[in-house]
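Worksheet: the structure to be examined is printed underneath.
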Amino acid sequence: MTTAPASPDPTMEAIGHTVAEGRAGDSASARQKLLSLWSAIGVTGDPLHRCSLAHYLADLYEDPAQALAWDIRALDAADAVTEQRVQEHHTSLHIAGFYPSLHLNLADNYRRLGSFEAATEHINAARAQAPELPQDPYGDLLRSAIQEVAEAIAGRDRTRRASAPGSPA
């Protein structure tokens, strides 16, 4: 059984379509479309829109400093999203489930930039919030990525992970 979105949301649909375009290989076009959408949403717009857009936009940057800026925006927006707003978008989602991925991405970017102390703080936050992940392939993927990034931090490895979003397959 699949759970349908609680209500139509044209902005979230536009984000989703653009993310799919980026994942299909047209990352430059997807990045430009998401940047245009970000301008339309504005820095005080719906926090769910800002969180989702920034989270996905970060994946479209190879440069970890640029990705980090968007991942910070995503985490800041998540802190403003209410459980009610998430449920209005999709009844199967919970805001607590966003945090492991958000902290994982921050840890990975800090690691790639050589800021291992900051990376450690965020990977620890991702681990602490990992119990909020679903017991499904998505949750398994994130739990594996958390372990992978933790090992890279411990090894002071700054190279891009082959399994990172946006990495060539």
(message) Would you compute the distance between atom CD1 of Ile95 and atom CD of Gln87 and round it to the nearest 0.5 angstrom?
(response) 10.5 Å

Using residues 38-47 as the side-chain source, report each donor-acceptor pair under 3.5 Å to any protein atom, sequence neighbours left out, with the distance given to one decimal.
residue	atom	partner	partner atom	Å
Ser39	OG	Leu35	O	3.3
Asp46	OD1	Leu48	N	2.8
Asp46	OD1	Arg85	NE	3.4
Asp46	OD2	Arg85	NE	2.8
Asp46	OD2	Arg85	NH2	2.8

(request) State the CZ-CG distance between Phe98 and Leu75, to the nearest 0.5 angstrom. (result) 12.0 Å

(request) Name all residues meeting the salt bridge (Lys or Arg N to Asp or Glu O under 4.0 Å) criterion together with Glu83; count only those two or more places apart in sequence or in a different chain, and write none if there are none. (result) none

(message) List the residues meeting side-chain hydrogen bond (donor to acceptor under 3.5 Å, both in side chains) with Tyr99, not counting sequence neighbours, and say none if there are none.
(response) Asp79

(request) Kindly write out the residues that satisfy side-chain contact (heavy atoms from CB on, under 4.5 Å) with Ala152, not counting sequence neighbours, or none if the list is empty. (result) Arg111, Asp157

(request) In sequence, state the C-alpha distance, the side-chain angles, and the governing distance for Val86 and His94, and then conclude on side chain to side chain contact (heavy atoms under 4.5 Å, CB included). (result) CA-CA 6 Å; Val86 172; His94 299 282; 5.6 Å; no

(request) Kindly compute the distance separating CG (Leu53) from OG1 (Thr11), expressed to the nearest 0.5 Å. (result) 9.5 Å

(request) With sequence neighbours excluded, give me every side chain to side chain donor-acceptor pair (under 3.5 Å) pair touching residues 112-130. (result) His103-His122

(request) Drop me the distance from His49's NE2 to Ile15's CD1, to the nearest 0.5 angstrom. (result) 6.0 Å

(request) Determine the minimum heavy-atom distance between Ala107 and Ile153, stating which atoms define it. (result) CB-CD1, 4.4 Å

(request) Can you see which heavy atom on Ile146 is nearest to which on Ala130, and at what distance? (result) CD1-CB, 4.2 Å

(request) Mind checking side-chain hydrogen bond (donor to acceptor under 3.5 Å, both in side chains) for Arg143 and listing every partner two or more places apart, or none if nothing turns up? (result) Asp140

(request) May I ask you to list the residues sharing a hydrophobic cluster with Leu141, side-chain cutoff 4.5 Å, ordered by chain and number? (result) none

(request) If a pair satisfies side chain to side chain donor-acceptor pair (under 3.5 Å) and one of its residues is in residues 63-73, list it, with sequence neighbours excluded. (result) Asp71-Asn109

(request) Locate the shortest heavy-atom distance separating Leu60 from Gly22; write the atom from each residue and the value. (result) CD2-CA, 4.3 Å

(message) I need the minimum non-hydrogen distance between Leu102 and Ala78, along with the two atoms involved.
(response) CD1-CB, 3.5 Å

(message) Please give me the minimum heavy-atom distance between Glu148 and Ser163, naming the atom from each residue.
(response) OE2-OG, 2.9 Å

(request) Could I get the full list of side-chain hydrogen bond (donor to acceptor under 3.5 Å, both in side chains) partners for Gln84, not counting sequence neighbours? (result) Glu88

(request) For residues 19-30, pull every pair meeting side chain to side chain donor-acceptor pair (under 3.5 Å), keeping only residues two or more places apart or in separate chains. (result) Glu21-Ser29, Glu21-Lys33

(request) Sequence neighbours left out, what pairs pass ring pair (Phe, Tyr, Trp, His ring centres under 6.0 Å) with at least one residue falling in residues 134-162? (result) none

(message) Just checking Tyr56: does its OH atom have more than 12 heavy atoms from other residues, nucleotides or ligands closer to it than 6.0 angstrom?
(response) no

(message) What I want to check is whether the side chains of Asp9 and His90 have a donor and an acceptor closer together than 3.5 Å.
(response) no

(message) Apply side chain to side chain contact (heavy atoms under 4.5 Å, CB included) to residues Leu104 and Leu142 and explain how you reach the verdict.
(response) CA-CA 8 Å; Leu104 168 66; Leu142 283 178; 3.8 Å; yes

(message) Which residues pass the side-chain hydrogen bond (donor to acceptor under 3.5 Å, both in side chains) test with His17, not counting sequence neighbours?
(response) none

(request) Kindly work out whether a path of hydrophobic side-chain contacts (I/L/V/M/F/W/Y, heavy atoms less than 4.5 Å apart) joins Ile72 to Ile123. (result) no

